[in-house]
Every structure is written in C-alpha cells, then in structure tokens.
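Per chain, numbering begins at 1; letters A, B, ... match sequence-line order. Heavy atoms only: backbone and side chains are in, while hydrogens, waters and symmetry mates are out. Fair warning: this is a prediction, and the values are worked out from it, not measured in the lab.
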2 protein chains.
Amino acid sequence: MYVTLISSTDAHEGPLFTPEKPPARPNLGCARFLPAGANLFREGDEAQFLYEVRSGVLRLTRVLENGKRQVISFGYPGDFVGFPDGDDYHTDCDVIASAELIAYRRSALESGLGDDLTRRRLLDAALREISGMQDHFMMLARKSAIEKVASFLSVLAERIGLRTGAVTTLDLSMRRTDIADFLGLTTETVSRTLTHLRKKGVISIENAHTIVIRDRSALADAAEME
Amino acid sequence: MYVTLISSTDAHEGPLFTPEKPPARPNLGCARFLPAGANLFREGDEAQFLYEVRSGVLRLTRVLENGKRQVISFGYPGDFVGFPDGDDYHTDCDVIASAELIAYRRSALESGLGDDLTRRRLLDAALREISGMQDHFMMLARKSAIEKVASFLSVLAERIGLRTGAVTTLDLSMRRTDIADFLGLTTETVSRTLTHLRKKGVISIENAHTIVIRDRSALADAAEME
DNA sequence: CGAAAAATTGAGAAAGGTCAACGGCTGTGG
DNA sequence: CCACAGCCGTTGACCTTTCTCAATTTTTCG
C-alpha cells in the first residue's frame, strides 16, 4: 500500500484516494488517522516524522508574534508535509478535513538506512515543494485579489475538482479565513471576490464550502495563468 | 577549498568569504567565474548543474507572460541555486555582482554515485531553502512597505553587513527594481520608503548602492521581526 | 563631457483593508 | 422539535496604503 504509493512518480497528479495492497515494507511508514481539527505538529516541535497525505486535507500555518497568520500551503493527497528546518518543524500543521497519513521516521529517511527509492522520492518532494512555493510567490506579490482567488480555484479544481459534464464541483474544506491567509487577503475581500465571480457567471456558490465552476476558461483568464 | 566549504554545516550563517585549502576531491565540483550581468541559466533550460555561490551575488527571477517579474531570491555566498523542477530550471539566474561559483553535476548528486555527505548537504540546502521561502511568504503577504524594506535591510545587514563601531555598512549590489520585485513593491515605493527611513535617522544613503544602518534596533522595530 | 539609465519626488487614482451591521447555518439544551 | 447562541460568511461605507503617471535629479558609462 505505502510502497506502491511511494513509487508513483508524480503524486501531485494522483487520484484523491486509491486503496492499495498491504505494505511490502511496513516498517518504512505507518498509517495514522486524524479527525478534522486535530493538530499534527506545531512550529518548534522536534521533527521526528515526515508525513505523506493519503486522504483528507491539512493546513500548514505560520504565525508572527503580532498575531498575523500566513497559511503556507494546504496538504492534499500526494503531498508531503513536515519538512524540517534543522531538527524542528517550522510551521504548525492542522487537519482541516479528516485525514489518513503515512508517517515516516525522519531518521530512517535521512540516514543511510533508508532505501534509495524512498530517499529519492523525499528529495523530489522537496524540490517540487520549492517549485510550488515559487509559484505561490508570484501569487502573493504580483496578483490582484481577483487573480489570486481565480488562480486558487483553478489550481484546486485541477487537482481535486469533480468534473460533471461541462461543470466542475469543488469542495473547499477550509474556511474563508484560511483562503484569505493563504492568498494574503482579508476574508472580506475573498468573500467579495467570490461574489464578483458568481455575479459574472463564472462560478456558483452552492454553499459556503461547495463551489461550482461554470466557465473554466473565464476562470483561467481571470487568473492570468501561465 | 571546495570540499571544505561543502562540509560546512550551516552556510547561511557562515562568513562571507573564507579562503580554504585545495580540494580533496576536485572532480566533485568545479569552479566558474562570471562577471556582473552574465546569465547563468534561464527558466526551462535543462538543469545540468547545481551551483554553490562562493562570492558575488546572483539573482533568481521568474517572469509571467504578462511581463510581471518576481525576484524569487538573491544568491549570496553559501547559498545553493539551481534546484530543478523535474529536469529543468524553473527560474532565470543572472549575476548581479561578479561571482565565483562551484558547479556540481546534478547527475552525480542525485544518482547513487555521489557521496553521502554531498547528498546530505544538498538535501539540507533544499530544506533550508524551503524554510527561507516560508519567511519570504510572511514578508510578501503580511507586511507593509516599511516593514518589507526594513526587514530586507535587517536580514541583509546580518548576513553581509560590515560593522564599524555602532554602524553597519551595507553594499546593495542590486538595483531598486530588483529590491522592488523581491518585496512585491514598485521602485517608487522602495525609494520613498528608503527616504522615509533616512529622514527618521535610521539609515543614511551614501549612494544608491551603499546604505549605512545607523540604528539597528529601530530598523528591527520597523521590520517587526520575529 | 554628454547621452542614457536609474533613482527620487510629487500629485492623483485605485485597490484593498478596516470597521460595522446583518444574515444564515449549526449545534445544543429545554 | 423548536428556540437561541455563537460562529461564519456576506455586504456596505469609508479610509489607508500603495500604485500609476509624470517631472526632475542623479548616476553610470561610452
């Protein structure tokens, strides 16, 4: 189960949840189930494990002493979370939608003990993380509120949206505050922007957490995607 | 020389330039000298090498098709640049101040051929990169213009500033445009903010590229540092 | 020394933040 | 099962910050 998933080359494109056969090497990683609202680790905790998300959604946040909060990323199936800085985690990690995780002992991965394939996958995940963060920079620094929200919805739709005919349904597990803190906006602006997109017919809002994308290309235009 | 530098555990805290003894394993990395203005690689180029900065300053940029530019980071001595995304570079890299680099063949680092120490250092550099980028997120998303500029100067002063008595002299090798594109501001705002700090007596501006920090704690306050 | 590029400064405009009020969903206890 | 409390999301009015456009000064480099 774990090994099969581990060997997938591009986890970012992977399916949301694919049950697999039992692990060939169960000692490498072990499964954990966590309910929404649970805390996985906090900034400054000793980073004993690195986690791979199997299902559910995680949220990585960082807080300034003045209370300002930044959501660094959301962890979806296929993502790795818990890259340490030195020996410690450098973000908080909380469960947004109840999740199944695979925990890897850092020591096993980093020392010569871990197998080459897993180590290679760890490095790949770290490099992909860097690349993804660079995209996020453009978002934070150089996009307007509409572009930010549209980008966010586009990327998420690509990743976890359910296509039904011409339409894509998107389950936003996170709150408006989380989206705002991810995009560097306020909840009010996120809300206003969603309303704006709704009034333009690009999306419709079934309920606060379910968004239907009616016009993908209009959304992509609004996002000024690469 | 190269190997000794390679084995330093925390290059981010290291001295600017420390001459060392000749390499014990010269085939691992080889030196390159590049003048200011040179291009090291472009987004999309095949990532054959990973570079370690020995001296000088590099600039990593990303450009949106609409022309908007984001400076992802500046590469100072001790930094690694050129982490690939898949097989390609995902940023442009240009030389801002003439630089000496050490080029490592990616293939040697990533395959089982590279030695454990070097691979470990590569992973460490990648993890440190991730951590540094997370700090940059707070900067881009949650700080005002003054906080951004003050943070930028503070961090740079810590890293490459020359202390002379109570005062720290800082050589900004980059243009205002580069600073602006790094901080997610316009050149005008960067300029106005520097003037503001100058009028408050926190800094003085010897010339456009030489800044003297007169009041470190006032600068740190303005930066709202962690 | 002079032309071109970079930096500074100013005035006005726009985007987004702040503050405040309201609406709607959820979960709990009577 | 209903009423109500509390949180979340939405909307509106206003204000602050930063951007934009333009003019001027300074620096760089041939």
salt_bridge(B:D215, B:K200) N-O dist < 4.0 Å: no

Under 4.0 Å from OP1 or OP2 of C:dA15: is there any side-chain N or O of A:S144 that close? no

Which of parallel (below 30°), tilted (30 to 60°) and perpendicular (above 60°) describes A:Y51 and A:F41? parallel

D:dT18 phosphate, OP1 or OP2: any side-chain N/O from B:R192 under 4.0 angstrom? no

d(CD, B:E188; P, D:dT18) in whole Å: 14 Å

Describe the nucleic acid contact of A:L185 in one word from base, sugar-phosphate, nothing, applying a heavy-atom distance below 4.0 Å. sugar-phosphate

If I take atom CG in residue B:D178 and atom C1' in nucleotide C:dA6, what distance separates them, rounded to the nearest angstrom? 12 Å

Would you classify A:H196 as touching base, sugar-phosphate or nothing, given that sugar-phosphate means primed atoms plus P, OP1 and OP2, and contacts are heavy atoms under 4.0 Å? nothing

Just checking A:F49 against A:Y104, ring centres under 6.0 Å apart? no

Of B:R175 and B:K199, whose nearest nucleotide on DNA chain C comes first from the 5' end? B:R175

Length of the CG-C1' vector between A:N207 and C:dT26, whole Å: 13 Å

Whole Å only: how far is the CZ atom of A:R176 from the P atom of C:dG16? 18 Å

So which heavy atom on A:H90 is nearest to which on A:R62, and how close? O-NE, 3.0 Å

Send over the distance from A:K148 NZ to C:dG16 P, rounded to a whole Å. 7 Å

